Amino acid sequence: MTTLSNDVATRRTFAIISHPDAGKTTITEQLLLFGGIVRQAGTVKARKSGNFAKSDWMEIEQKRGISVTSSVMQFDYEGKRINILDTPGHEDFSEDTYRTLMAVDSAVMVIDSAKGIEPQTKKLFKICKMRGIPIFTFMNKLDRDGRDPLDLIAELEDVLGIEGYPMNWPIGMGKELKGLYDRYHNRVAMFRPDSEETAYVPLDDDGDIPADNPLHDDSWYEDARDNMELIEDAGNAFDMDKIAKGDQTPVFFGSALANFGVKTFLETYLQFAPQPEEHKTTEGDEVEPTDDNFSGFVFKIQANMDPKHRDRIAFVRICSGRFNHGMDVTLGRTGKTMRLSNVTQFMADTRENVDTAVAGDIIGLYDTGNYQIGDTIYTGKKKLQFEKLPQFTPELFVRVTAKNVMKQKSFHKGINQLVQEGAIQLYTSYTTGDYILGAVGQLQFEVFQFRMQNEYNSDVIMEPMGHKTARWIDPEQLDERMSSSRNLLVKDLAGEPLFLFENDFAERWFKDKYPDVKLTSKL
């Protein structure tokens, strides 16, 4: 039996982040191809063919061709156990993505080489930077005409404030794409659009391709080599310490759709990506991954991954120790003992029961309502609670009712289960008990309505309430007469009171009228 430290050292757990349509899901598919998980990479564009991206397992994702929920995939490659978390790119699902970034040790940032750094990429990068996790960059879509590579590298520093270190350089692009000048491996990767295999040509001692190669006198090749020499002389020096702190990003060029440059990226990434590291607790302690006691935290809850069984899965990032089938753990929030006997690991829409897993792995616990996002589970006598996961205060609100009053049971069940996933927040009117949903983006409501109909057979009516400002109030300071048409009084899921102000003016008016009342943006 291998030691815990040896097993932990093989783990590489990362999230793929990007702006929508930069190719994030496509590169995930290619990585799974190398891991032997899929025999054919489907793309999110191929809806007519029925080939959907394996990480887009929800029906609404397949219909729209977008990712709306984080998915987890695991495979082995070159002696490493890889956990990929494919995240939604759409800004309306930022909260799911932000929580997922708390469960990884590094991130892969996919950038459309024609568009450069887009708004959502910038937002997600800031979260990675805040956590100080290493970031690896893949400049995608070289098979299309794009921006000058030097501009793309410069933009990393100008817009994101991170040094870019090119590991390779494109030889042409679009219809003129000839290959990649690979400075790190001292070779040229030849682009052959009609072949699934990439041909590699070693460079000589002067960093040049052999004279008998057709590229030797090609202007695109000469341009790539000149740019690499310029960067060697005047660019950033490769710095492992900076990479580890998230201050420098290795940059790879390629095309995920054409499966070009992805394998080189994966193999190089595995050399430099960190193995699982320590996690901080609310007490300020750091839990080492090789600690003998098992610990982990729930960063995601997903209902109906298998619609046939109406199951609910709590995703857990293991932070320390080894999980063994049937082990007892303590649920930190309640102090209850839980037996982990029905545990899975994932390949997007498929999964298998797992008997053992170690720090760095992601496991799924079948859940009947015991777990909440942010929960810590652990073994040992010392009480443990990992740092709180980010939670957004909703900005958009709707009133929701069942279209068919005879289906109230499925209506309530659907709302309660979907709310526990954390994407939407549920409030009830203080006086009437009406249901009000809050979310950070409109698309969340559309997904909720779709899933209520398709997973719970419950048609819902949603009445838009527009933008509101949510502010919590101490129950001891609350007087129900404070409520008005401009500040609706509601309860959150925990029964705590809050006001939904229709605008900033209404909030200022309230504060002027009740200067001693303290309002907070979230509990």
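As a basis for the values below, the full set of heavy atoms in this structure was taken, side chains included, without hydrogen atoms, waters or symmetry mates. From a predicted model like this one, the values you see are computed outputs, not experimental measurements.
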In chain order, what residues pass the ring pair (Phe, Tyr, Trp, His ring centres under 6.0 Å) check against F138, with sequence neighbours excluded?
F265
Enter the distance from K24:NZ to L124:CG here, rounded to the nearest 0.5 Å.
9.5 Å
Any idea which heavy atoms bring F411 and M452 closest together, and the distance?
O-CE, 3.5 Å
When K300, R333, K388, R317 are each screened for salt bridge (charged side-chain N to carboxylate O under 4.0 Å, His left out) with D375, the one that passes is R333
Show the nearest heavy-atom pair for residues A22 and V110, with the distance to one decimal.
O-CG1, 3.5 Å
Neighbour count above 12 (heavy atom, 6.0 Å) for Q271 CD
yes
Parallel, tilted or perpendicular: ring planes of F75 versus Y77, cut at 30 and 60 degrees:
perpendicular
F14/F136 under ring-ring contact (aromatic ring centres under 6.0 Å, His included): CA gap, chis, key distance, verdict
CA-CA 10 Å; F14 66 93; F136 297 78; 8.6 Å; no
For the student: nearest non-hydrogen atoms of E387 and T281, plus distance
CG-O, 4.1 Å
In terms of heavy-atom contacts, V400 and L437 come closest through CG1-CG, 3.7 Å
Are side-chain heavy atoms of L340 and L365 found at a separation under 4.5 Å?
yes
Below 4.0 angstrom, N of the basic side chain to O of the carboxylate: do D239 and K245 qualify?
no
To the nearest 0.5 angstrom, please state how far the CZ atom of F315 sits from the CG atom of L85.
8.5 Å
Could you check whether any side-chain heavy atom of Q275 comes within less than 4.5 Å of a side-chain heavy atom of R12, counting everything from C-beta outward?
yes
Roughly how far, to the nearest 0.5 Å, is the CE atom of M73 from the OG1 atom of T28?
5.5 Å
Classify the ring geometry of H279 against F386: parallel below 30°, tilted from 30° to 60°, perpendicular beyond 60°.
perpendicular
Measuring from S255:OG to Q30:CD, what's the distance to the nearest 0.5 Å?
8.5 Å
Using 0.5 Å steps for rounding, measure from the CG atom of L101 to the CZ atom of F125.
12.0 Å
Heavy-atom count around D292 CG within 6.0 Å, excluding the residue itself: above 12?
no
For atom NZ of K263, decide whether the heavy atoms of other residues, nucleotides or ligands shown that lie under 6.0 angstrom number more than 12.
no
Tell me the closest heavy-atom pair linking P250 and I135, and the distance in Å.
CD-O, 3.6 Å
Here the gap from T13 atom OG1 to I84 atom CD1, rounded to the nearest 0.5 Å, amounts to 10.0 Å
